[in-house]
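So that the names make sense, note that chain A is the first sequence line, chain B the second, and so on, each numbered from 1.
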Protein chains: 2
Amino acid sequence: MPRTSTKAAAPVRRLASDYRLEDQVGFLLRRAYQRASSNLVDRIGSYDLTAPQYATLARLYERGALSQNLLGRLVAMEPANIRDVVLRLKKRRLVATRRDPTDKRLILIDLTVAGTALVEQLIPIELACTARTLAPLKADERRVLYDLLGRLAEG
Amino acid sequence: MPRTSTKAAAPVRRLASDYRLEDQVGFLLRRAYQRASSNLVDRIGSYDLTAPQYATLARLYERGALSQNLLGRLVAMEPANIRDVVLRLKKRRLVATRRDPTDKRLILIDLTVAGTALVEQLIPIELACTARTLAPLKADERRVLYDLLGRLAEG
DNA sequence: CCGATATTGTTATGATCATAACGATATCCG
DNA sequence: CGGATATCGTTATGATCATAACAATATCGG
C-alpha cells in the first residue's frame, strides 16, 4: 500500500491569519449533509432513488396532490429543479400529473398506487438512516441540533 | 397579487404515521446548507466565485501547493469534481498546475499571485458571511452547533 | 527483481442545484 | 372592464455532486 499521500509541498503560512476553513459554517454544513445523504443513498440506493426524489415522494405522501410549484417549495427546490425530479418520477410511474381544472397554470402532482406503496416501504428505512446519521449524538443533543438547524434555515 | 397558492387538493392522511420530512436530519441539513451557501454567494457572487471554488482557494492559501487529489479530500470533493473546479480556476489564472518531479502521477496545484490576492480580499467577506449565517444563534449556541456538526460529519 | 496491489488522475453518465429570461394564465386595482 | 402586476411552468446555461470504469504510475511483498 503506497503512502497515504502527503507528498505535496510543505505547508506555507503566508499571512498571519486566524482564518480556517473548518471554522466556516457553510463548510461544516456541506460535509454533514454529505454524510447524511450518503447514509440515505447507501440504503435506498438499491431502489434507484436519490435523497431529493425520496423527499418529493414523502412530501406527496404527507400532503396529497400538490401543484408542481408548491411541491417544489415544500421540498426546498427551485421550479426548474422540481420539474426535472417530477419528470423522472413520472417516467417511472411513481407519480402522475394532471392539469388543475380551475387554474390552467397549475400542474397537479400526485402519487400513483405504485408510488404510495414504495413510500410506505421506504419510510421505515429512512427513519433508520436518520437514526444512523444521528448515532454519534445523545438524545438531548439531537433535540438541540434540530432547534439550531431550524433557526439557521429560517434565517 | 394572486393568492399564494394552496389551491391543490386538500391534505390526505393516508396512513396513521408519525413520519414528517421535517424530522429527518438530512432534510434539515440540506436547507441549512442552502441558506449558508446563498449567504455566501450573495456576497462573493460578484467575484464570479461559487462556494466550492472559494473553499478550494482558501485551502490552497492555508496549505500551499497540494496534489489535486489531496486538495480534493481537504475540501470534501471527489476526484472527478475537484478536477473540474481546478480546471475552471486555472482557466481564470487563479491557480497554476505543474507535475510533481518525484511522482509522475501527481499534479501539484498552487495559487497564482492573482489567486492569492483574491483570497486575501475574500477572507474578510467570508468571515462576515459566516457571522451573518450564524446571526440567529447566540455565541454559546454556535459553539454547540460546531461541535455537533463536527461529530456528525466524522460519523 | 517482479507480480500483486494501491493511488492518481481521467472519462463518461446521470442527477442536483441556482439563475435568468420567457410565454401563458390569473389576480389586482383604478 | 382593462392594464399593471404576480404566479406558474418552461427553457437554457453553467456548476456541483456521486459513481463506475480505465490507464498510468508507485509501492509492497515474496
Side-chain angles (χ1 to χ4, degrees), chain A residues 1-8 26 30-31 33-42 45-46 48-56 66-73 75-92 97-109, chain B residues 1-8 26 30-31 33-42 45-46 48-56 66-73 75-89 91-92 97 99-109:
Chain A
M1 175 193 336
R3 169 185 25 62
T4 79
S5 110
T6 331
K7 173 171 288 184
R30 176 160 152 272
R31 288 204 305 184
Y33 174 63
Q34 281 178 345
R35 163 76 55 173
S37 182
S38 131
N39 278 347
L40 182 60
V41 172
D42 281 353
S46 54
D48 268 311
L49 275 188
T50 65
Q53 287 170 8
Y54 168 77
T56 302
L66 295 169
S67 79
Q68 181 172 285
N69 200 280
L70 176 57
L71 174 59
R73 285 198 297 275
V75 292
M77 284 199 251
E78 298 295 322
N81 303 329
I82 186 62
R83 175 183 174 272
D84 290 344
V85 171
V86 166
L87 279 181
R88 290 184 201 103
L89 296 176
K90 186 180 178 182
K91 187 180 302 178
R92 294 172 59 184
T97 63
R98 63 182 197 276
R99 304 217 68 106
D100 186 304
T102 71
D103 188 335
K104 295 180 186 173
R105 296 173 305 175
L106 304 186
I107 297 184
L108 296 181
I109 324 282
Chain B
M1 177 194 335
R3 169 183 28 60
T4 80
S5 114
T6 331
K7 174 170 288 184
R30 177 160 152 272
R31 288 204 304 183
Y33 174 62
Q34 281 179 344
R35 163 76 56 172
S37 182
S38 131
N39 278 348
L40 184 60
V41 172
D42 281 354
S46 54
D48 269 311
L49 275 189
T50 66
Q53 287 171 7
Y54 169 76
T56 302
L66 296 169
S67 80
Q68 181 172 287
N69 200 281
L70 176 57
L71 173 59
R73 285 198 298 274
V75 292
M77 284 200 251
E78 298 296 323
N81 304 327
I82 187 62
R83 175 183 175 272
D84 289 344
V85 171
V86 166
L87 279 181
R88 290 183 201 103
L89 295 176
K91 188 178 302 179
R92 295 173 58 183
T97 64
R99 305 216 67 107
D100 187 305
T102 71
D103 188 335
K104 294 181 186 173
R105 298 171 305 174
L106 306 186
I107 297 184
L108 297 180
I109 324 280

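Closest to the side chain of Ser67(B), from the set dC8(D), dT10(D), dG9(C), is dG9(C). The side chain of Arg105(B) has dA26(D) as its nearest neighbour among dA18(C), dA26(D), dA15(C). Distance from the side chain of Gln34(B) is smallest to dA18(C) among dG9(C), dA15(C), dA18(C). Set against dA26(D), dG9(D), dG9(C), the side chain of Asp103(B) has dA26(D) as its closest nucleotide. The side chain of Arg73(B) approaches dT8(C) more closely than any other nucleotide in the set dT16(C), dA26(C), dT8(C). Among dT25(D), dC8(D), dT19(C), the nucleotide with an atom closest to any side-chain atom of Glu78(A) is dT19(C). Listed candidates were dC17(C), dT16(C), dT25(D). Nearest to the side chain of Tyr33(A) is dC17(C). With dT16(C), dG9(C), dA18(C) as the candidates, the nucleotide lying closest to the side chain of Asn81(A) is dA18(C). Listed nucleotides dC8(D), dA15(D), dA15(C) differ in distance to Thr50(B); the shortest reach to its side chain belongs to dA15(D).
At a cut-off of 3.5 Å, with distance as the only test, a side-chain donor of Asn69(A) or Arg73(A) sits close to an acceptor on the other residue.
Contact annotation for Pro52(B): backbone-only contact, meaning every heavy-atom pair under 4.0 Å involves sugar-phosphate atoms and none involves a base. If you check every strand for non-hydrogen atoms under 4.0 Å, Ala51(B) touches nothing. No contact: Val41(B) has no heavy atom under 4.0 Å from any strand. Backbone-only contact: Gln68(B) has heavy atoms under 4.0 Å from sugar-phosphate atoms and none from a base. Using a 4.0 Å heavy-atom cutoff across all strands shown, Arg30(A) reaches sugar-phosphate atoms only and no base atom.
Remark on DNA chain C: of its neighbouring residues Arg83(B) and Ala80(A), the 5'-side contact belongs to Arg83(B), judged by nearest-heavy-atom nucleotide. Residues Asp42(A) and Ile107(A) both approach DNA chain D. Their nearest nucleotides, taken by heavy-atom distance, put Ile107(A) toward the 5′ side. Place Pro79(A) and Ala76(B) on DNA chain D by their nearest nucleotides, and Pro79(A) ends up nearer the 5' end.
In this structure, Met77(B) atom CE and dG9(C) atom P are separated by 14 Å, rounded to whole Å. As a whole-Å value, the separation of Tyr54(B) OH from dA15(D) C1' is 19 Å. The interatomic distance linking Leu106(B) (CG) with dT25(D) (P) rounds to 12 Å, in whole Å.
Atoms CD1 and CG, from Ile82(B) and Leu87(B) in turn, are 10.0 Å apart once rounded to the nearest 0.5 Å.
Put simply, the residue from Thr97(B), Ile109(B), Thr56(B) that forms a side chain to side chain contact (heavy atoms under 4.5 Å, CB included) with Leu89(B) is Thr56(B).
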